[in-house]
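In what follows, every heavy atom counts, from backbone to side chain, and hydrogens, waters and symmetry copies are set aside.
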Amino acid sequence: GSGCNGSPRDFLAAGDSVLMRLRNHISEEDDLHLFEQIDRSSGRQYNAKDLTWSYAEVLNALVTRHSAAAKVAAASGAPVDVVVL
C-alpha cells in the first residue's frame, strides 16, 4: 500500500505539528528571525539568518494549509481549526 491511510484532517494535523514545532524554535531572543538550521541537541537556530527561501516556504505552507483547510471544511461541512503561529 501507499502508507497514506489518514483522513484529510489527519494530514492537516500533521502539517500543523510541523508548523508548531518550527514556531517553538523561533524565539524572541532571536528577534523572531528564521535561521537556516535548528541544532538537534539544543533546539537553537543557527547558521545563515534570514534566508528569503525560509520565509517563502513558511508563507507557502500557510497559504497551502489555508486552501486545504477550506476544502476539508467544505467537504465535511464542519469547520477546521485555524493555526496560530
Asks: Let's go through Asn60 and Arg65 carefully: what are the C-alpha distance in whole Å and the side-chain angles of both, what is the deciding distance for side-chain contact (heavy atoms from CB on, under 4.5 Å) to 0.1 Å, and is it a yes or a no?
Replies: CA-CA 8 Å; Asn60 185 46; Arg65 195 261 183 216; over 6 Å; no
Asks: Using 0.5 Å steps for rounding, measure from the CG atom of Leu51 to the CZ atom of Phe35.
Replies: 10.0 Å
Asks: So, Arg44 and Asp30, do they make that salt bridge, N to O below 4.0 Å?
Replies: yes
Asks: Do other residues, nucleotides or ligands put more than 12 heavy atoms under 6.0 Å from the NE2 atom of His66?
Replies: no
Asks: Keeping the roles fixed (side chain from Ser17, backbone from Ala14), state whether a donor-acceptor pair exists under 3.5 Å.
Replies: yes
Asks: Do Leu19 and Leu62 have side chains that approach each other closer than 4.5 Å (heavy atoms only, starting at C-beta)?
Replies: yes
Asks: Might you confirm whether atom NZ of Lys49 has over 12 heavy atoms from other residues, nucleotides or ligands at distances under 6.0 Å?
Replies: yes
Asks: Does any part of the side chain of Tyr46, heavy atoms only, come nearer than 4.5 Å to the side chain of Asp39, both counted from C-beta?
Replies: yes
Asks: Donor-acceptor pairs are to be reported for all side-chain atoms of residues 72-85 against protein atoms at under 3.5 Å, with residues two or more places apart or in another chain.
Replies:
from  : atom 1 : to    : atom 2 : distance (Å)
Ser76 : OG     : Arg9  : NH2    : 2.9
Ser76 : OG     : Val72 : O      : 3.0
Ser76 : OG     : Ala78 : N      : 3.2
Ser76 : OG     : Ala78 : O      : 3.4

Asks: According to a hydrophobic-cluster definition based on side-chain heavy atoms being under 4.5 Å apart (Ile, Leu, Val, Met, Phe, Trp, Tyr only), do Val63 and Trp53 belong together?
Replies: no
Asks: Under a single-linkage definition using a 4.5 Å side-chain heavy-atom cutoff for Ile, Leu, Val, Met, Phe, Trp and Tyr, are Val58 and Met20 assigned to the same hydrophobic cluster?
Replies: yes
Asks: For the OG atom of Ser27 and the CG atom of Leu32, what is their distance to the nearest 0.5 Å?
Replies: 7.5 Å
Asks: With sequence neighbours excluded, tell me which residues meet side chain to side chain contact (heavy atoms under 4.5 Å, CB included) with Ile38.
Replies: Leu22, His25, Gln45
Asks: Which distance, rounded to the nearest 0.5 Å, do you find between the CD1 of Ile26 and the CG of Asp31?
Replies: 12.5 Å
